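All remarks here apply to the structure that follows.
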Amino acid sequence: MRKNARAAPATGLAGSLWREVLAEPGRLPESLASFALRHLGPGAGTAVARLRSAHPDADAAALRALVVTRGRRAVVSEGAFVGGPFLFLVPFAFCGALLSQARTVLELAAVEGRDTTDPERAAELLVLQGVYGDTAAARAALEAPGSGPRGANGPGRLAVIRGLTSRMARLLGLITADDGAGRLVRVGRWALLIVVLLVGLVAPLVWLPYMAVSYRRATTQLTDRATVFYVGSPDPRSPRGVRIDPATAMAGLRALGSLLLPVGAVFLVIVTDTRIAGGRWPLVGILLTAGCLVTGGVWLWRHLRRHRTP
């Protein structure tokens, strides 16, 4: 029960955040920062106070390490596992992950004695996300009036959702213009993403471990920037490395299982020479589609049942 206690607020607030940013898609970063400050600021300060009480001998560096570890786990849970295997759930998963990242930044500020309900924290979050170059510009943007509802001649709903999803991926750090990686590495990342998307059409759980690794890397980069911002230097005690989280490992096993299902079905069709409408491929298409829906549906049903259980 304690394990999921921290993730629950982001899970419950993801839908509210999505409705808010959908109303003003042009102010996505500012809406996120203001929303996080209002809904997560008070709880972030309280969480760090409880953490200090539970670890009275821990210094600031040790507390930061605990916050980063817990925050990174929450981001992965919100973005990859709570979001589910279906691509249409990605916008809600992104909202949950963004809120978990924001809460982690607020908690890092609280470790350094900053007031997590001060509007300055929202401006700092925008700077750490790379939206603005300094807090003065971020404050001005936060104080600027909104653009109001979209007009009748604005972009269609699908175009707005597509644009918002892309912008949220950039805020999360899943898409970066230049993170220092070489050209070959960047090409390799895009190639891997395309492969995962294509394979995910028939084996939807393949999406989960890939996204878990991506969220982990992006959140580590964000917490590194936050540590430099609040402390003045990178924290050598901050957890990093290639250690595999048990939940990520389990997601990988489930992804492998979801991949074996369609492969096995296709193999049986070829071996038994089963045909429909005069050929194998219509039957293969039916089996792949059914396998995707059954695998993803069972995962979603189990996930919803588990979260509804008191």
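Predicted model only: the values in this text are computed from it and were never measured. For this chain, numbers begin at 1 and follow the sequence in order.
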- [ ] Walk me through it: do Glu124 and Tyr230 pass the test side-chain hydrogen bond (donor to acceptor under 3.5 Å, both in side chains)?
- [x] CA-CA 10 Å; Glu124 292 166 356; Tyr230 290 119; 2.6 Å; yes
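- The shortest non-hydrogen separation linking Ala44 to Ala110 is O-CB, 4.4 Å.
- Residues meeting the side chain to side chain contact (heavy atoms under 4.5 Å, CB included) test with Asp134, sequence neighbours left out: Ala136, Ala137.
- Between the side chain of Gln101 and the backbone N or O of Val75 there is no donor-acceptor pair closer than 3.5 Å.
- With sequence neighbours left out, Asp118 forms a side-chain hydrogen bond (donor to acceptor under 3.5 Å, both in side chains) with no residue at all.
- Annotation: side chain to side chain contact (heavy atoms under 4.5 Å, CB included) contacts of Leu37 (sequence neighbours excluded): Pro119, Arg121, Ala122.
- Residues passing the side-chain hydrogen bond (donor to acceptor under 3.5 Å, both in side chains) test with Gln129, sequence neighbours excluded: none.
- Side-chain contact check for Thr223 and Arg72: no donor-acceptor pair (N or O, by modelled atom type) lies under 3.5 Å.
- Smallest separation of non-hydrogen atoms from Phe94 and Ala169: CE2-CB, 3.8 Å.
- A salt bridge links Arg139 with Glu120: at least one charged nitrogen is closer than 4.0 Å to a carboxylate oxygen.
- In this structure, Thr165 has no side-chain hydrogen bond (donor to acceptor under 3.5 Å, both in side chains) partners at least two apart in sequence or on a different chain.
- Remark: Glu107 does not engage Arg64 in a salt bridge, criterion side-chain N to carboxylate O under 4.0 Å.
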Open item on the list: What verdict does the side chain to side chain contact (heavy atoms under 4.5 Å, CB included) test give for Leu99 and Leu32, after you've listed the backbone C-alpha separation in whole Å, the side-chain angles of each residue and the deciding distance to 0.1 Å?
Closed with: CA-CA 8 Å; Leu99 289 172; Leu32 166 67; 4.1 Å; yes
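- Applying the side chain to side chain contact (heavy atoms under 4.5 Å, CB included) criterion to Ser34, with sequence neighbours excluded, gives Arg38, Leu142.
- Partners of Thr46 under the side chain to side chain contact (heavy atoms under 4.5 Å, CB included) rule, at least two apart in sequence or in another chain, are Arg50.
- Each ring pair (Phe, Tyr, Trp, His ring centres under 6.0 Å) pair with one or both residues in residues 38-79, not counting sequence neighbours, appears once here: Phe35-His39.
- With hydrogens and angles left out, the side-chain atoms of Arg103 and Ser100 include no donor and acceptor closer than 3.5 Å.
- A search for salt bridge (charged side-chain N to carboxylate O under 4.0 Å, His left out) contacts involving Arg167 returns nothing, not counting sequence neighbours.
- Here salt bridge (charged side-chain N to carboxylate O under 4.0 Å, His left out) pairs that include residues 39-48, with residues two or more places apart or in two chains, number zero.
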Open item on the list: I'd like to know whether Val48 forms a side chain to side chain contact (heavy atoms under 4.5 Å, CB included) with Leu106, so could you lay out the CA-CA distance, the side-chain angles of the two residues, the decisive distance to 0.1 Å, and finally the verdict.
Closed with: CA-CA 10 Å; Val48 171; Leu106 289 169; over 6 Å; no
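- Among residues two or more places apart in sequence or in another chain, the side-chain hydrogen bond (donor to acceptor under 3.5 Å, both in side chains) test is passed with Thr272 by Thr274.
- Not a single salt bridge (charged side-chain N to carboxylate O under 4.0 Å, His left out) links Arg225 to another residue, sequence neighbours left out.
- The shortest non-hydrogen separation linking Cys95 to Met168 is SG-SD, 3.8 Å.
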